[in-house]
Peer 1: 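Can you read through this structure? Questions will come right after.
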There are 2 protein chains.
Amino acid sequence: MNKPDTASDRPEPPTASRKEQQAIVARDRIVRAVIDCLDEHGYAETSINRIQEHAGISRGALTHHFPSKEELMVVTAERLLQPTLVPPRKGSRHFDTAEQRISAVEADIVWMWERLVDTREGRALLEILVATRTDVALKGRISETFVRWNRAINDSLAANYLLHGLAEDEQRELWTMCRVFLRGLNTQSQFEPDHHARSALVRSFARMIATRFV
Amino acid sequence: MNKPDTASDRPEPPTASRKEQQAIVARDRIVRAVIDCLDEHGYAETSINRIQEHAGISRGALTHHFPSKEELMVVTAERLLQPTLVPPRKGSRHFDTAEQRISAVEADIVWMWERLVDTREGRALLEILVATRTDVALKGRISETFVRWNRAINDSLAANYLLHGLAEDEQRELWTMCRVFLRGLNTQSQFEPDHHARSALVRSFARMIATRFV
DNA sequence: CTAGACAAACAGAACGTTCGTTCTGTATCT
DNA sequence: AGATACAGAACGAACGTTCTGTTTGTCTAG
């Protein structure tokens, strides 16, 4: 119990013995299965049985790596928040004209939608988010992670755009609006089944937000 | 099975016999219990047992009125979409100045958040929406209802604001953005637990949207 | 270098609980 | 009388957890 903190998910910190690597691979397979199941069947129907079958792993192996379902969801949530959630910088971020800056922001918002939100991972995260709202045990385990992530992502995004004309608070607010909107759009498919219509909505929204970046 | 279509939820169409009223009251109690359970415990934990206990009704009575859980969710979803989801008209909707119009739209968006989305009913609807995404049986029963509601609500909102300077398509798009944003905000509490911060975000968003109503 | 103790990885049976549904029976209104 | 409202027991299936084995690397004493 004197290990660093949580179990390591990254391939090799110092060295990884064969047994450790084996465990890492298994844990990875399981977490991926959880993400797939959440996306395909939703939180309510993501049972241990289903995860086990989808991961192609025995019941014993699953319970060995994750003693409880709660543990499974906590680790999955952390995994889903792990990737860099900031659009990649393409060249310099110093823009000469306002129109250049607007286009860049617009493209980044569309990128967020296509690469982060409207994906297996994005939908899986939504399932966990909604479930966490009412599951007090789960909330106690990961709510702090969510709050910290929220602060970190706002800082990263603000740092990504060097604007002197717009207060940092306002920038953070605009990016928060983006995330909220895109998350809401993940549930809009019930009302608007046409995928193109939703994409068009993203573009309109992106343009509206982008023009606020003076 | 030759009844109109679905069971009636409205109090009295022509006359209501004592037995009919009794049934209506029971059904209403049950649907309210479902809404409360969805809000408090989420979709996954809204079991028949819990609903029955919360409604203060026997198991037999529950299964008598709603033979299956799916039926229960369908009726609840229809109930949640039933109320007028358009802000009440306050006086005339003909505005002299642009600033008046902006203020009116802004106030209406805040009204939607406070009275429709950030409520028991709003959260319950979100639970059903998310569950419906992956539950094919449920989807088959209510997806058409969602689509029709979406069209109807856009028409109502557009009709509520007599604008000649803005194309109707653009108005519908703006209102859709509002609904998507507010729905997404219902899941934002995990990232931003401070209720005041979220309210402030609504006001900022409302102002941004309102200024688009030229 | 290797024998062997030990812990970790894995397999699967068994646990009690809860799920949603079905069934039989009783009271009440039409 | 007959249908409807209600009550509650009983059902098998599925849930998440706990348990007992078996295999397989790892580490150390000799």
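Labels below follow one simple rule: chain letters A, B, ... track the order of the sequence lines, proteins then strands, and each chain is numbered from 1.
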Peer 1: Specify the residues of residues 35-52 of chain A, ordered by number, for which at least one heavy atom lies under 4.0 angstrom from an atom of DNA chain D.
Peer 2: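 A/Ser47, A/Ile48, A/Asn49 - these, ordered by number, are the residues of the stretch whose heavy atoms sit under 4.0 Å from the strand.
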Peer 1: Tell me which residues in residues 63-71 of chain B lie within less than 4.0 Å of DNA chain C, going by non-hydrogen atoms.
Peer 2: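 Under 4.0 Å from DNA chain C: B/Thr63, B/Ser68, B/Lys69.
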Peer 1: Check whether the side chains of A/Arg198 and A/Asn186 place a donor and an acceptor atom closer than 3.5 Å, and report yes or no.
Peer 2: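 Not at all, the side chains of A/Arg198 and A/Asn186 share no donor-acceptor pair under 3.5 Å.
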Peer 1: State which residues pass salt bridge (charged side-chain N to carboxylate O under 4.0 Å, His left out) with B/Glu71; sequence neighbours excluded, sorted by chain then number.
Peer 2: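 B/Glu71 satisfies salt bridge (charged side-chain N to carboxylate O under 4.0 Å, His left out) with B/Arg141 once adjacent residues are dropped.
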Peer 1: Would you please name every residue forming a ring-ring contact (aromatic ring centres under 6.0 Å, His included) with B/Phe146, sequence neighbours left out?
Peer 2: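 A/Phe191.
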Peer 1: Could you name each residue pair satisfying side chain to side chain donor-acceptor pair (under 3.5 Å) that touches residues 51-63 of chain B, not counting sequence neighbours?
Peer 2: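 As it turns out, the side chain to side chain donor-acceptor pair (under 3.5 Å) pairs with a partner in residues 51-63 of chain B, which skip direct neighbours, are B/Asn49-B/Arg59.
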Peer 1: Anything under 4.0 Å to a heavy atom of chain B counts; send over the first and last such nucleotide of DNA chain D, read 5' to 3'.
Peer 2: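 Under 4.0 Å from chain B, the extent on DNA chain D is D/dA3 to D/dG8.
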Peer 1: Mind calculating the distance between CZ (A/Arg27) and P (C/dC10) to the nearest angstrom?
Peer 2: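 Value for this atom pair: 11 Å.
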Peer 1: Scan nucleotides 25-28 of chain C against the protein and return all N/O pairs shorter than 3.5 Å with their distances rounded to 0.1 Å.
Peer 2:
unit_1	atom_1	unit_2	atom_2	d
C/dT28	O2	B/Lys19	NZ	2.6

Peer 1: Sequence neighbours excluded, which residues qualify as salt bridge (charged side-chain N to carboxylate O under 4.0 Å, His left out) partners of B/Arg207?
Peer 2: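 Scan of B/Arg207 (salt bridge (charged side-chain N to carboxylate O under 4.0 Å, His left out), adjacent residues dropped) gives B/Glu106.
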Peer 1: Counting only non-hydrogen atoms, which of residues 124-139 of chain B are less than 4.0 Å from DNA chain D?
Peer 2: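 Contacts with DNA chain D under 4.0 Å: none.
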Peer 1: Who are the ring-ring contact (aromatic ring centres under 6.0 Å, His included) partners of A/Phe181, not counting sequence neighbours?
Peer 2: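 For A/Phe181, the residues satisfying ring-ring contact (aromatic ring centres under 6.0 Å, His included) (neighbours in sequence not counted) are A/Phe205.
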Peer 1: Does A/Arg123 have any salt bridge (charged side-chain N to carboxylate O under 4.0 Å, His left out) partners at least two apart in sequence or in another chain, and if so, which?
Peer 2: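 Residues passing salt bridge (charged side-chain N to carboxylate O under 4.0 Å, His left out) with A/Arg123: A/Asp39, A/Asp118.
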Peer 1: If the condition is ring-ring contact (aromatic ring centres under 6.0 Å, His included), which residues does B/Trp175 pass it with, not counting sequence neighbours?
Peer 2: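 Partners of B/Trp175 by the ring-ring contact (aromatic ring centres under 6.0 Å, His included) criterion, ordered by chain and then number, come out as B/Tyr161, B/Phe213.
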